Amino acid sequence: QGSFLFHDTATCARTMRAPTEYGAVTRDAVEEERPLIGGARARVRKSHASAFGALLAVTGLAGLAMRRGARARAGIAPVYAVEGSSTFTVDVGPCAITSDLRAKNPEFFSSGVAGVRLARHNLKTDSFFEWEDALVMDEVPNQPAYRRKFSLTTNEVNFEYGFVLVNRRGDYLYEIGEHSSPIVSAWKVGESTCVQKYGDYFNRVRTLDANPSEVNFVFGSCESECPPPPPPPPS
């Protein structure tokens, strides 16, 4: 499938409530006001939430707790709000901005990465990762050359989320979304993962975070930070 690169946030807000792919849709294509998938996605995701609500009512919290480990291994997150303040840190260093990611998004990366935002869907809300609702993250100073971290401490993210790159032109690139999204490579069937899969959509979820108060990831990955380069060979 194709993927979406967004510019002109006012137009994007009118035409697409829930960006779910990433990459190369031009500003002109967005301004055509084509019917996009945001509304359908919201309805699908609401049906999932209703199904989980029914599960809670039938089995009770104790039964759900017993299955949390199995659900996490399958990439299906337990459904509850993670309350309280948390620090989110994402590394967008060289290990994150790979040659493959650049090749798939040449227009976006023709302008350097200027910032990162944190997109979210809080439990029992109708806001699904909208750009205008995304939180601005601050760049961490004094990082080594092989890392570039952005961080934010907030109590405003309690369920699903994902990181969004912003380039110097103001275009933005989501790590989360459908099968063409960067985060998909971190999802493995039957393995412990940081990624939630609902139907065709892949997102990060607070209830899969190993330490909900200190969340550290590489963009598009379950790794916590970019590793240092290997030492030079002996002379």
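Source: prediction; values computed, not measured.
Applying the salt bridge (charged side-chain N to carboxylate O under 4.0 Å, His left out) test to Arg120 and every residue at least two apart in sequence or in another chain returns Asp133, Glu156. Judged as a side-chain contact (heavy atoms from CB on, under 4.5 Å), and not counting sequence neighbours, the contacts of Val136 are Arg117. With sequence neighbours excluded, the residues satisfying side-chain hydrogen bond (donor to acceptor under 3.5 Å, both in side chains) with Thr87 are Thr153. In this structure, the side-chain contact (heavy atoms from CB on, under 4.5 Å) partners of Val184, at least two apart in sequence or on a different chain, are Ser181, Phe202. Scored by the side-chain hydrogen bond (donor to acceptor under 3.5 Å, both in side chains) test, Thr89 finds Ser151 as partners (sequence neighbours excluded). For the side-chain hydrogen bond (donor to acceptor under 3.5 Å, both in side chains) test, no residue two or more places apart in sequence or in another chain qualifies with Thr98. Every side-chain contact (heavy atoms from CB on, under 4.5 Å) that Asn158 has, sequence neighbours left out, goes to Ala81, Glu83, Asn122, Leu123. For Ser110, the side-chain hydrogen bond (donor to acceptor under 3.5 Å, both in side chains) partners at least two apart in sequence or on another chain are Arg169. Among residues two or more places apart in sequence or in another chain, the side-chain contact (heavy atoms from CB on, under 4.5 Å) test is passed with Asp200 by Glu178, His179.
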Enumerate, atom names and distances included, each donor-acceptor pair closer than 3.5 Å involving a side-chain atom of residues 209-216, sequence neighbours excluded.
| unit_1 | atom_1 | unit_2 | atom_2 | d |
| --- | --- | --- | --- | --- |
| Asp209 | OD1 | Tyr161 | OH | 2.8 |
| Asp209 | OD2 | Tyr161 | OH | 3.1 |
| Asp209 | OD2 | Arg206 | NE | 3.0 |
| Asn211 | OD1 | Ser213 | N | 3.2 |
| Asn211 | OD1 | Ser213 | OG | 2.9 |

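In terms of modelled atom types and a separation under 3.5 Å, the side chain of Glu130 and the main chain of Phe128 share a donor-acceptor contact. Not a single donor-acceptor pair under 3.5 Å links the side chain of Lys104 to the backbone N or O of Pro106. Remark: side-chain polar atoms of Tyr80 are not paired, donor with acceptor, to backbone N or O of Phe159 under 3.5 angstrom.
When hydrophobic clusters are built by joining Ile, Leu, Val, Met, Phe, Trp and Tyr residues whose side-chain heavy atoms come closer than 4.5 Å, directly or via intermediates, Leu173 is grouped together with Phe217. Cluster annotation: Leu135 and Leu165 are assigned to the same hydrophobic cluster (Ile/Leu/Val/Met/Phe/Trp/Tyr, side-chain heavy-atom contacts under 4.5 Å, transitive).
Just one residue in the list Leu208, Ile176, Thr207, Asn203 forms a side-chain contact (heavy atoms from CB on, under 4.5 Å) with Glu160, and that residue is Asn203.
Residue pairs that meet the disulfide bond (SG atoms under 2.5 Å apart) test with at least one member in residues 83-147, sequence neighbours left out, are Cys95-Cys226. Counting only residues at least two apart or on different chains, the salt bridge (Lys or Arg N to Asp or Glu O under 4.0 Å) pairs with a member in residues 136-145 are Glu139-Arg148.
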